[in-house]
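Each remark here refers to the structure printed beneath this line.
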There are 4 protein chains.
Amino acid sequence: MTKEKIKQAALVAFAKGGYEGMSLAEVASAVGIKTPSIYAFFKSKQDLFMTIYHELLDEHAAQLVQQTNVMEIEGSEQRLRKVVEAMLDYHLREQTKTEFLTRVNLFPPDFLKDEMRSRFAANEQQIRSSLVAIFSEGIEQGDIQSEPLHELVDSFLCLLDGLFLQTFYYNKETLETSFFHAWKFYWQGISNRTANC
Amino acid sequence: MTKEKIKQAALVAFAKGGYEGMSLAEVASAVGIKTPSIYAFFKSKQDLFMTIYHELLDEHAAQLVQQTNVMEIEGSEQRLRKVVEAMLDYHLREQTKTEFLTRVNLFPPDFLKDEMRSRFAANEQQIRSSLVAIFSEGIEQGDIQSEPLHELVDSFLCLLDGLFLQTFYYNKETLETSFFHAWKFYWQGISNRTANC
Amino acid sequence: MTKEKIKQAALVAFAKGGYEGMSLAEVASAVGIKTPSIYAFFKSKQDLFMTIYHELLDEHAAQLVQQTNVMEIEGSEQRLRKVVEAMLDYHLREQTKTEFLTRVNLFPPDFLKDEMRSRFAANEQQIRSSLVAIFSEGIEQGDIQSEPLHELVDSFLCLLDGLFLQTFYYNKETLETSFFHAWKFYWQGISNRTANC
Amino acid sequence: MTKEKIKQAALVAFAKGGYEGMSLAEVASAVGIKTPSIYAFFKSKQDLFMTIYHELLDEHAAQLVQQTNVMEIEGSEQRLRKVVEAMLDYHLREQTKTEFLTRVNLFPPDFLKDEMRSRFAANEQQIRSSLVAIFSEGIEQGDIQSEPLHELVDSFLCLLDGLFLQTFYYNKETLETSFFHAWKFYWQGISNRTANC
DNA sequence: AATGAATGAGCCTTCATTCAT
DNA sequence: CATGAATGAAGGCTCATTCAT
C-alpha cells in the first residue's frame, strides 16, 4: 500500500538527513508518486514524521521489554548478556530505524523537544523496572553482588549506552570485540566473586 | 573581529540545527551583519563549516591528549577517573562544541562522510595509545589486573562512550550519579582484587 | 439534501472569502463530505458559484419588486420609507447573502465581469420603474414636488446606496440613527412644502 | 526604483484580485523581476500589503482633510459641494486606489479585521469634525437650517457613501448626472428656505 | 451518491550565492 | 569590508479536478 511505502521511504530519508534535511519530493520520488500525493495520507511533513516516530517508539519499547522479560530460564549473566545482545542485534539489523530514533533523541526538531523529554523519561522507567527484576533475581541467586539495585541498573545502562553509541562508528566485527571485552570486565565488576576466594 | 564572531555564531547555529538546519541568514543576523558579508571571510557555507570543524577537532584532540598525559602523579584509579571526569567536564562546559562535534560524527553531511571515517580513526588511535600507557603502568604497579591492554582499553572506551551519550539526556546531577555508579563497578571489574582475598 | 447543504455552505464560504478565497475543501468539510463528492452535484467550482449567484439574484429581485409594489395603502412618505426599511431589513437579516451579492457586484471574478454589467442594468431598470410609479403617484397626490421623475429616482437610489454601504460598517443602532437623519433631510428635500408657507 | 514599482504593481494586483486573489508571481512579472526578489524589499506578502494599505490610508485621509479645510472663501453650498466633488474626482482619477481601499474596507483579509475597525473609526471621526465646522458656519450664516449638527453630518455622509458606491457601477457621465440630482434634492432638504416664503 | 488516490499548477517562502558598488 | 539587489533552486503546501471503484 502506498501509505506504507511512504512511511518506509520517509523513514530512510529522515534517518539520512534528519527532519530538516529530508524532503518530501525525495520521498515521493522514491515511492514513485508526486509530492502532493503524500498529503492524501499525511496532513503535513510533521504529521508524517510524528507517525513514524511514534510507531518506532512503540516498536522499540516492545522489543526491549520482550527481550528483558521473556526468558527466565538461564542464569543472571546469560540473561543480562542477552539484553545487551538483543539491543545490539536490533540496532545492527534495523540500522535505519536506529539512526532515526537516535537522531531524534539527540537532536530533536524544535517542535519535538517538549514531547521528547517526557517520552524519554517514561521509556527509561520502563527499561529500568525490567532490569531491576533481573538484578534482584541475580542477587537472590547469589550470582550478583548484593549492591543497591539502582546502582547496578545505572552501571548497566551506561554499558548499554556505550555499546549503543559504538554502533554508529564501529563495524560489526569491531563492535562485537568491543562488546566482548566491555562485558568481560563489566561482569567481573558486578558478579559475586567472593565464592572464588 | 568579525570573522571570529561569524565562526562563533555559526558554531552555535550548526550545533542547534546541523548542517542543513543552519542558515547563513541566521548567523549574519546574530553577528549583526548582512548575509553576503559572510562571503568576505568564507567562500561558502561548506567552507565556513569545515573551518569550524577542523578547528574544533584540533582543540578537542589537544584537550584529550592533555588530559590523558599531564598528571603522572597519582595512582591508576585516580588517573583513569580523571580522564573520565575531564571528558565529562569538557562536555558539560562546552556544550555547544560537543553538540557540534557529536552531530558531525554521528550524522555527518554527505560531503563529510569520507573524511570523517579517517579522521575519526586517527583520533581514536591517539586516545588509545594514551590509555595504553596508563593501563600498562597500572598493571605494573599491581593496581590493575594483568589482562590484555587492548581489552582494557576497549572496555574503558565503552564506559567513556556511555557516559558521553548520557551527557545529552541527563542533567548534571543525574549524570554525576550515573558516573559514580558506573565507575564503581567498572573499577571493581578491572582492578586487582586478588590481594583482598 | 446534500446538494442544498453544499449550496448553503458554499454561499457562506463565498461570502467570507470571495471566489478566489473560497475552497471546495472548506465547503466539503462544512457539509461533512469529501471534496470530490461536490462534483456529483456541480460540475465545477464555477458552476457551483454560478448556481448560487443566479438563485440569489432571482430571490433578491423578487424581494425588491415585492417590497416596492405590495402596499398601496399608505401615503407617499410611508411608502418610500418602507422601501428603504425593507432593504435595510433584508440586508441586516440576510447578511451572508448580502455580502455575497455585494462582493460579486463590486468585485466580480474575471469570468463574471461581462454578465455582471448586463444583469445589473436589467435589475436597476426593474427597480427604477417600480420607483417611478411611487413617485408619480406622490406627485399626483401633492405629497412630492413636481420634479422630473428620473431626477427623483436618481436621488432616491443614491440614498439607498448610501445606506446600503453603511450596512457594512455600521452596527444596527448606528445604522438606524443614520437612516433616521438621512431620511429626515431627504424627505424635506423632495416633499412638497409650499403648502406650509 | 524597484521598490516603488513593486508597490505600484501590487496595488493594481490587490485591487483586481483582493488579498487572496493577488499573486506575487504576477507582481514580479509585471515589474520585470523574479518572485523571490520581492523579498529584498518586503518581508512577506502581508508586509507588502500592509505597506500599501497604510500609505493609501494616509494619502486618502490627507486628501479628504485638505479638501474640507482649505477653502473658506465661498458659500456653504459651494463648500459642501466641493467636498463631494473632490471625493468623486479622487475616486474617478485614482480608480485603482479606490478599488483597493474599498475592497479592504468591505472585505478585509482575516488578519486585518481587527486593525480595520479602529482605523476606520478614527478616520470617520476626522472627517466628521471637518464637516461639523462647515455645517456650523453654514448655520451661522443662515444658509443652512438650524438643525443638530450631527444629524446634518449623518445625512451628508450618507449622500457621500451613496455616490461613492455608485462610483463602482456607473460610468463617469451617469455618475455625474446622479450626483447632480442627488445633490439638488439634498441641498433643498438642508438649506434654509424660510427666507423664500 | 460518494470516495480514495493521484496529480498539474500554482502559491508563498527560504536559501546559498553572485555581482556591482 | 560590506551591502543592496537579484536570482535559480528548492521546499512545503493547497487547490481544483479527474478517475476508477
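Every chain is numbered from 1, with letters handed out A, B, ... down the list of sequences. Note that this is a predicted model, so its numbers are computed, not measured.
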Per the side chain to side chain donor-acceptor pair (under 3.5 Å) rule, what does the pair list look like for residues 22-33 of chain B, sequence neighbours excluded? B:K16-B:E26

Once you round it to whole Å, what is the distance between C1' of F:dG11 and NZ of A:K34? 17 Å

Mind running a 4.0 Å heavy-atom check of residues 37-46 of chain B against DNA chain E and sending the residues that fall below it, in number order? B:Y39, B:S44, B:K45

Quick one, A:T102 and B:F107 - any side-chain contact, counting heavy atoms below 4.5 Å? yes

With sequence neighbours excluded, tell me which residues meet side-chain contact (heavy atoms from CB on, under 4.5 Å) with B:Q95. none

Which of parallel (below 30°), tilted (30 to 60°) and perpendicular (above 60°) describes C:F120 and D:Y169? tilted

Need to verify one output field. Residue with the more 5' nearest nucleotide on DNA chain F, A:T35 or D:M1? D:M1

Does C:E99 come within less than 4.0 Å of C:R103, counting only side-chain N to carboxylate O? no

For DNA chain F, which residues in residues 2-28 of chain D have a heavy atom at a distance below 4.0 Å? D:T2

Of all nucleotides in DNA chain E that come within under 4.0 Å of a heavy atom of chain A, which is furthest toward the 5' end and which toward the 3' end? E:dA5 to E:dA9

Could you tell me which residues satisfy side-chain hydrogen bond (donor to acceptor under 3.5 Å, both in side chains) with C:K113, sequence neighbours excluded, listed by chain and number? C:D110

Check ring-ring contact (aromatic ring centres under 6.0 Å, His included) between D:Y19 and all other residues, then give those that pass, not counting sequence neighbours. D:F14, D:F49, D:F111

Donor-acceptor pairs are to be reported for all side-chain atoms of residues 34-44 of chain B against protein atoms at under 3.5 Å, with residues two or more places apart or in another chain.
residue: B:S37; atom: OG; partner: B:K34; partner atom: O; Å: 3.2
residue: B:S44; atom: OG; partner: B:Q46; partner atom: N; Å: 3.3
residue: B:S44; atom: OG; partner: B:D47; partner atom: N; Å: 3.0

Establish, from distance only, whether the side-chain atoms of B:H54 and B:E59 form a donor-acceptor pair under 3.5 Å. no

Taking side-chain contact (heavy atoms from CB on, under 4.5 Å) as the definition, give me every residue that meets it alongside D:V12, ordered by chain and number, with sequence neighbours left out. D:Q8, D:T96

List in chain and number order the residues that pass salt bridge (charged side-chain N to carboxylate O under 4.0 Å, His left out) with B:E20, two or more places apart in sequence or in another chain; answer none if no residue qualifies. none

Those residues at least two apart in sequence (or on a different chain) that pass side-chain contact (heavy atoms from CB on, under 4.5 Å) with B:A122 are none

When B:I6 is tested against each of B:L24, B:L11, B:V31 for side-chain contact (heavy atoms from CB on, under 4.5 Å), which residue passes? B:V31

Secondary-structure notation, DNA chain F, from Watson-Crick and G-U pairs under 3.5 angstrom (| other strand): .||||||||||||||||||||

